[in-house]
There are 2 protein chains.
Amino acid sequence: MDQIVLQKRGSPPGSRQRLLGAAAELFNSKGYAATTVREIVKAAGVTKPVLYYYFHNKEGIFLELMRETYVKFNGLVDSVRLEKGSAREKLGRFIDQSFCLFLEEIKTVRLMYSIYYGPHQGAPFFDFDIYHRKYQETLRGLVIEGIRRKEFRDESPEDMTWVIIGAINVAIEIELGHPEVSLGREGLDRVLNLIFQGIGNEGKKPAGGKK
Amino acid sequence: MDQIVLQKRGSPPGSRQRLLGAAAELFNSKGYAATTVREIVKAAGVTKPVLYYYFHNKEGIFLELMRETYVKFNGLVDSVRLEKGSAREKLGRFIDQSFCLFLEEIKTVRLMYSIYYGPHQGAPFFDFDIYHRKYQETLRGLVIEGIRRKEFRDESPEDMTWVIIGAINVAIEIELGHPEVSLGREGLDRVLNLIFQGIGNEGKKPAGGKK
DNA sequence: GTCTATATTGAGATAGAC
DNA sequence: GTCTATCTCAATATAGAC
């Protein structure tokens, strides 16, 4: 089992934290295979044995980074169950919170993204899919709820979920590729509204809708 | 200047073509940095000096792959100007053709994707943006045409373009991450229709629309 | 154009002192 | 926990014969 070394609040980051930060930065900019442990330890201001002491090897520090980010996203997904309001409101809040977390964790997200959709880069296996599936099913659940409540049109929940995921991914991808023209939270919200004026049931039937 | 060695139709692939094929396959599955020239030449059934003879170095074979794929996509984008019909029809055909080309070139597309949105993996610079921008501007041009012709609603063309790009990207990303549940051309078309029932102008105003 | 053989550098990882 | 010094192997790339 890996040792758990929690950092005291306010303390200057110890070697372990500095190594994680340096690794996140370098993996983010160069990728897993192209980053060397020499670069990581140099950026962290320590020597190689320190990395091997805390993380066993290069794969270990990678997996620890993925795990930390995974835990945060997982917590967010789990918290949806507690939300109140219409399906549209829940969906909006969930997507906004997801997007904010993406921005906070953008370094590891970029790495995850490129490994999930792209080549593995020699990185050890990490089950991104388990999270990915859960995220999608959460969205689909909200869509189905929206259809049941007649907030959304009665079309294929799968296709409707893909449309929503498309909007989220676009917002993230702009952030990854062109942060200078970032949509931001407001832009993502506008795009979602655009989608909902098609997906939503309002405005279509001049009379009727909510009972 | 690189020498140009076109392959005669029907001839068995020569060393150069086999090297390109092997490199595409390996870069696609492992990424640029994690792929070694030893693996490439072994998969191509030649020895190292052959690769260096044709491509100068590892960067050279990568750039040649990117260039070949770039030329194909660029040709597709240029051909849009010649299309006839409504903006909606043009958009649908253009997206369908793009998606088909993505599928044909999926190996290099996966690599481009992961490098464009992700870390550079130690790969040499290639200006993906020049194509990316052109592609987006083509879509935006069609959206603006659609608004002018009152086929689409009079909302922000930028946001509407993002919604469309989201749908295209989702179809590609499913192909990259989960080909077994692929949307396919039909699925992408369904998703676009879903979007257009929001973006399009039909069905909103009970009377009016096209003059 | 293609080979064998080799130069050279830098990678991941560790031994063992403190 | 952290260091210096070092091991070992594999990476890119080339020289030079055929």
Side-chain angles (χ1 to χ4, degrees), chain A residues 1-8 11-27 29-66 111 119-126, chain B residues 1-8 11-23 25-27 29-65 119-125:
Chain A
M1 289 291 277
D2 286 4
Q3 54 213 296
I4 296 173
V5 182
L6 291 173
Q7 194 62 31
K8 275 181 269 179
S11 309
S15 296
R16 197 189 121 96
Q17 283 304 314
R18 297 221 308 287
L19 280 166
L20 282 171
E25 183 65 42
L26 284 160
F27 287 154
S29 69
K30 310 184 63 171
Y32 179 79
T35 298
T36 70
V37 314
R38 297 162 100 97
E39 290 172 310
I40 298 172
V41 297
K42 187 178 178 189
V46 299
T47 56
K48 272 194 277 187
V50 180
L51 184 149
Y52 287 94
Y53 173 77
Y54 284 110
F55 303 102
H56 191 54
N57 54 25
K58 187 183 172 185
E59 298 195 343
I61 197 168
F62 168 83
L63 290 172
E64 180 58 23
L65 277 175
M66 295 302 102
L111 186 60
H120 59 63
Q121 305 182 28
F125 176 76
F126 183 86
Chain B
M1 290 291 277
D2 286 5
Q3 53 212 298
I4 296 173
V5 182
L6 291 173
Q7 194 63 28
K8 275 182 268 179
S11 309
S15 296
R16 197 189 121 98
Q17 283 304 314
R18 297 221 309 287
L19 279 167
L20 283 171
E25 183 64 43
L26 284 160
F27 286 154
S29 69
K30 310 183 62 171
Y32 179 79
T35 298
T36 71
V37 314
R38 297 162 99 98
E39 290 171 310
I40 298 172
V41 296
K42 187 178 178 188
V46 297
T47 55
K48 273 191 276 186
V50 180
L51 185 150
Y52 287 94
Y53 174 78
Y54 284 109
F55 303 103
H56 191 55
N57 53 26
K58 188 185 172 183
E59 299 196 343
I61 197 167
F62 167 83
L63 290 172
E64 180 58 22
L65 277 175
H120 59 62
Q121 304 182 26
F125 176 76

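Residue numbering restarts at 1 for every chain, and letters A, B, ... go by the order of the sequence lines.
An OP1 or OP2 oxygen of D:dC3 is reached within less than 4.0 angstrom by a side-chain nitrogen or oxygen of A:Thr47. Applying the 4.0 Å criterion to OP1 and OP2 of D:dT2, one finds that A:Tyr54 has a side-chain N or O inside that range. Between C:dG1 and B:Ser15, no contact under 4.0 Å exists linking OP1 or OP2 to a side-chain N or O. For B:Tyr52, no side-chain nitrogen or oxygen approaches OP1 or OP2 of D:dT14 to under 4.0 Å.
Taking the side chain as every heavy atom from C-beta outward, B:Thr47 and B:Val41 never approach each other to under 4.5 Å. Side-chain contact between A:Gln121 and B:Lys30 is absent, with no heavy atoms from C-beta onward closer than 4.5 Å. Counting heavy atoms from C-beta outward, A:His120 and A:Phe125 have side chains that stay 4.5 Å or more apart. B:Leu20 places none of its side-chain heavy atoms less than 4.5 Å from the side chain of B:Tyr54.
A residue-by-residue look at A:Pro49 and A:Arg38 shows that A:Pro49 has its nearest nucleotide of DNA chain D further toward the 5' end. For the pair B:Thr35 and A:Val46, nearest-nucleotide mapping onto DNA chain D gives the more 5' position to A:Val46.
In this structure, B:Phe27 and B:Tyr32 have tilted ring planes: the angle between them lies in the 30° to 60° band.
A straight line from CG of B:Leu26 to P of D:dT12 spans 12 Å, rounded to a whole angstrom. Atom C1' of nucleotide D:dT2 and atom CG of A:Leu19 are separated by 12 Å, given to the nearest angstrom. Going from atom CG of B:Leu51 over to atom P of D:dA11 covers 14 Å, rounded to whole Å. Remark: C1' of C:dT14 and CZ of A:Phe55 are 18 Å apart, rounded to the nearest angstrom. Protein atom OH of A:Tyr53 is 17 Å distant from nucleotide atom C1' of C:dA13, rounded to whole Å. Put simply, NZ on A:Lys42 is 18 Å from C1' on C:dG12, counting in whole angstrom units. A:His56 has its NE2 atom 12 Å from the C1' atom of C:dG12, to the nearest Å. As rounded to whole Å, 17 Å separates atom C1' of C:dG12 from atom CZ of A:Phe62.
If you check D:dA13, D:dT2, C:dC3 against the side chain of B:Asn57, the one that comes closest is D:dA13. Considering only side-chain atoms of B:Lys48, the nucleotide from C:dT14, D:dT12, D:dT2 that sits closest is D:dT12. In this structure, of D:dT6, C:dT2, D:dA13, it is D:dA13 that holds the atom nearest to the side chain of B:Lys58.
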